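Both counts, for ligands and for their atoms, begin at 1 and track the order of listing. What you are looking at is a predicted structure, and each value in this text was computed from that prediction instead of being measured.
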Amino acid sequence: MAMNMILLGPPGAGKGTQSKRLEDTYSITQLSTGDMLRAEVKSGSELGKQAKAIMEAGGLVSDDIIIGMISNRVDQDDCKQGFILDGFPRTVPQAEALDSMLSDKSLKLDHVIELTVDDEAMVERICGRYTCSKCGQGYHDKFQKPAKDGVCDKCGSTEFIRRADDNEETVRNRLSAYHEQTAPIANYYGDKGILKKVDGMADIDVVTSSLKDIIG
Ligand code: ADP
Ligand code: ADP
Ligand code: ZN
């Protein structure tokens with residue numbers, strides 16, 4: 001049976017890390033609006049051109065762009081078994097648009113889970129974050145090193161990338177954007193009675209088991 005869920009939390013909370021693990025366990029697809037936007041920027045599309053400066057400054061891209069992107073993506077075959085929304089919705093209008101989009105498509109949300117963390121720790125997590133440029137596996141300078149230094153555990157590649165916006169100044173802007181515009185959606189789902197919280201400060205494996213306990 002298909003399962004659709006949202007992982008909520010500020011930059012660095014572990015949404016990407018945990019989504020990748022849940023993808024493997026439940027055969028569902030991670031839909032990261034950040035990844036989609038970075039692909040648009042890389043391709044040089046009109047949308048990418050509009051988004052680039054906003055992302056570099058740590059602001060939010062317009063709701064219309066994001067909602068259109070997600071709506072198309074959810075229709076694709078790899079979402080039939082279900083999806084994990086990572087980085088979307090990020091504003092109350094996006095959450096409302098998601099509700100009407102899902103009901104139009106006769107889909108529903110099974111879980112909304114917030115990873116609760118503290119801000120200062122997020123600065124350290126974001127500034128130490130890097131990714132395998134070949135397979136996308138995520139790492140951290142201190143908290144998630146590859147078994148063999150400089151070699152990706154998953155695919156053996158020796159090339160890694162760091163995001164342009166993963167610096168202290170931008171992270172602070174992203175954290176403010178989160179508190180001002182995204183945190184209110186926790187109440188939105190809380191009021192609907194489908195919000196659950198998981199301690200995102202725990203070790204990566206502990207967070208994964210807490211999520212699996214909720215999902216079943
Ligand atoms: P998000 O997608 O929410 O922005 P990530 O999953 O990319 O966050 O995690 C940010 C960084 O912190 C990554 O480098 C990751 O390896 C690391 N990380 C993720 N979860 C934890 C955790 N529970 N404890 C310590 N470091 C973590
Ligand atoms: P994080 O690691 O902070 O969770 P993401 O990869 O989710 O970062 O997002 C990177 C950037 O892309 C954000 O700072 C924002 O500019 C833009 N972005 C991603 N998702 C959304 C969204 N749902 N609404 C508006 N802007 C978004
Ligand atoms: Zn790799």
Side-chain angles (χ1 to χ4, degrees), residues 6-22 30-41 47-48 50-70 84-95 97-98 114-118 121-146 150-166 170-178 181-182 185 198-211:
I6 299 176
L7 272 188
L8 266 181
K15 304 180 298 296
T17 304
Q18 299 299 333
S19 296
K20 288 256 153 48
R21 291 174 168 215
L22 298 176
Q30 173 199 22
L31 299 182
S32 157
T33 43
D35 286 348
M36 293 175 205
L37 289 167
R38 281 183 288 280
E40 294 287 345
V41 171
L47 195 161
Q50 285 177 45
K52 189 167 189 275
I54 299 169
M55 294 171 76
E56 277 169 1
L60 292 186
V61 174
S62 85
D63 290 336
D64 290 351
I65 289 183
I66 300 288
I67 292 160
M69 248 174 29
I70 281 284
I84 311 168
L85 297 170
D86 161 8
F88 174 88
R90 243 179 170 95
T91 63
V92 171
Q94 289 182 19
L98 175 64
E114 180 184 4
L115 298 172
T116 59
V117 289
D118 53 72
M122 296 308 100
V123 176
E124 189 184 12
R125 281 197 196 171
I126 291 287
C127 294
R129 167 162 73 181
Y130 64 98
T131 310
C132 171
S133 48
K134 198 172 162 203
C135 75
Q137 171 64 35
Y139 294 98
H140 190 280
D141 291 327
K142 238 164 98 177
F143 306 129
Q144 200 185 355
K145 296 187 196 172
V151 183
C152 177
D153 293 338
K154 250 191 167 170
C155 78
S157 166
T158 54
E159 278 171 51
F160 300 88
I161 39 170
R162 286 178 196 263
R163 278 167 49 179
D165 60 343
D166 279 354
T170 306
V171 174
R172 298 217 180 261
N173 291 339
R174 284 152 63 197
L175 287 167
S176 324
Y178 183 83
Q181 301 185 71
T182 308
I185 71 178
V198 161
D199 176 16
M201 295 305 295
D203 286 345
I204 296 178
D205 288 343
V206 174
V207 177
T208 306
S209 5
S210 309
L211 290 171

Shortest non-hydrogen separation from D141 to C127 and the atoms involved: OD2-O, 4.2 Å
Before you tell me yes or no, could you show the steps for L31 and M36 under side-chain contact (heavy atoms from CB on, under 4.5 Å), namely the whole-Å CA-CA distance, both residues' side-chain angles and the distance that decides it to 0.1 Å? CA-CA 8 Å; L31 299 182; M36 293 175 205; 3.9 Å; yes
Specify side chain, backbone, both or neither for I66, according to which of its non-hydrogen atoms lie closer than 4.0 Å to ligand 2. side chain
Distance-only, no hydrogens or angles: does the N173 side chain make a donor-acceptor pair with backbone N or O of A57 under 3.5 Å? yes
Which of the atoms in ligand 1, numbered in the order shown and given with their element, are less than 4.0 Å from a heavy-atom of T17? 5 (P), 6 (O), 9 (O), 15 (C), 19 (C)
At what distance is the nearest protein heavy atom to atom 2 (O) of ligand 1, and which residue and atom is it? G16 N, 2.8 Å
Against heavy atoms of R38, which atoms of ligand 2 measure under 4.0 Å? 6 (O), 10 (C)
Contacts of type side chain to side chain contact (heavy atoms under 4.5 Å, CB included), residue S176, not counting sequence neighbours: E180
Using a 6.0 Å cut-off, check whether atom NZ of K154 has over 12 heavy atoms from anything other than its own residue. yes
Are any of the N or O atoms of M201 closer than 3.5 Å to those of ligand 1? no
Mark up the atoms of ligand 2 that fall under 4.0 Å of a heavy atom belonging to G59, in ascending order. 14 (O), 15 (C), 16 (O)
Would you say S157's side chain and C152's backbone share a donor-acceptor pair under 3.5 angstrom? no
Near A13, which atoms of ligand 1 are under 4.0 Å from a heavy atom of that residue? 3 (O), 8 (O)
Taking all atoms of both residues into account, what is the closest heavy-atom pair of L175 and P10, and its distance? CD2-CB, 3.9 Å
Inter-residue atom distance E114.CD - K15.NZ, 0.5 Å rounding: 11.0 Å
pair Q50-L37: side-chain heavy atoms closer than 4.5 Å: no
Sub-4.0 Å heavy-atom contact, S19 with ligand 1: no
Which atoms of ligand 1 have any heavy atom of G200 under 4.0 Å away? 23 (N)
Give the residue, atom name and distance (to 0.1 Å) of the protein heavy atom nearest atom 13 (C) of ligand 1. Y139 O, 3.8 Å
For atom 26 (N) of ligand 2, find the nearest protein heavy atom and state the residue, atom name and distance (0.1 Å precision). V61 N, 3.1 Å
Would G34 count as a contact of ligand 1 if the rule is a heavy atom under 4.0 Å away? no
Closest to atom 8 (O) of ligand 1 among protein heavy atoms sits G14 N, 3.2 Å
Proximal protein heteroatoms (N, O or S) of the Zn ion (ligand 3), under 2.8 Å: C132 SG, C135 SG, C152 SG, C155 SG
Does the T33 side chain pair with the main chain of G87, one donor and one acceptor, at a distance under 3.5 Å? yes
Spacing of I66 atom CD1 and L60 atom CG [to the nearest 0.5 Å]: 8.0 Å
Output for pair (K134 NZ, T158 OG1), nearest 0.5 Å, gives 9.5 Å
Nearest heavy atom to atom 9 (O) of ligand 2, choosing from R174, R90, M55, belongs to R90
Residue pair V151 / G156: nearest heavy atoms and the distance that separates them: CG1-O, 3.6 Å
In terms of residue, atom name and distance, what is the protein heavy atom nearest to atom 16 (O) of ligand 1? Q144 OE1, 2.6 Å
Would you sort out whether M55 and R163 count as a side-chain contact (heavy atoms from CB on, under 4.5 Å), showing the intermediate values? CA-CA 11 Å; M55 294 171 76; R163 278 167 49 179; over 6 Å; no
Verify, without hydrogens or angle tests, whether R174 (side chain) and P11 (backbone) share a donor-acceptor contact under 3.5 angstrom. no
Give the residue, atom name and distance (to 0.1 Å) of the protein heavy atom nearest atom 21 (C) of ligand 1. I204 CG1, 3.3 Å
Within less than 4.0 angstrom of ligand 1, does A202 place any heavy atom? yes
With atoms numbered from 1 as shown, which atoms in ligand 1 lie under 4.0 angstrom from a non-hydrogen atom of P10? 3 (O)
For ligand 1, find out whether one of its N or O atoms is nearer than 3.5 Å to an N or O atom of F143. no
Flag, side chain of R90 to backbone of Q181, donor-acceptor distance under 3.5 Å: no
May I ask you to check whether D165 has an N/O atom sitting below 3.5 Å from an N/O atom of ligand 2? no
Supply the atom-to-atom distance I204 CD1 to Q18 CD, rounded to the nearest 0.5 angstrom. 7.0 Å
Where on R163 is there a heavy atom closer than 4.0 Å to ligand 2, on the side chain, on the backbone, on both, or on neither? side chain
For R129, counting its heavy atoms only, list the atoms of ligand 2 lying under 4.0 Å from any of them. 2 (O)
Answer side chain, backbone, both or neither: which part of L37 comes under 4.0 Å from ligand 2, heavy atoms only. side chain
Could you tell me the separation between the CG atom of L7 and the OG atom of S32, rounded to the nearest 0.5 Å? 11.0 Å
With a cut-off of 4.0 Å, which atoms of ligand 1 are near a heavy atom of P11? 4 (O)
Return the option from G12, G87, G9, G138 holding the heavy atom at the smallest distance from atom 1 (P) of ligand 1. G12
Ignoring hydrogens, what is the shortest heavy-atom contact between I126 and V171? Give both atom names and the distance. CG2-CG2, 2.9 Å
Per-atom contacts of ligand 2 with K15, taking only distances under 4.0 Å to non-hydrogen atoms: 4 (O)
What are the two closest heavy atoms between S19 and D86, and how far apart are they? OG-CB, 3.8 Å
Please determine if Q18 has a nitrogen or oxygen closer than 3.5 Å to a nitrogen or oxygen of ligand 1. no
Return the closest protein heavy atom for atom 20 (N) of ligand 2 as residue, atom name and distance. T33 OG1, 2.8 Å
Tell me which one of K20, R125, K142 gets a heavy atom nearest to atom 27 (C) of ligand 1. R125
Report the distance from atom OH of Y139 to atom CZ of R162, rounding to the nearest 0.5 Å. 13.0 Å
I'd like to check which ligand 2 atoms, numbered from 1 as shown, lie under 4.0 Å from a non-hydrogen atom of Q94. 22 (C), 23 (N), 24 (N), 25 (C)
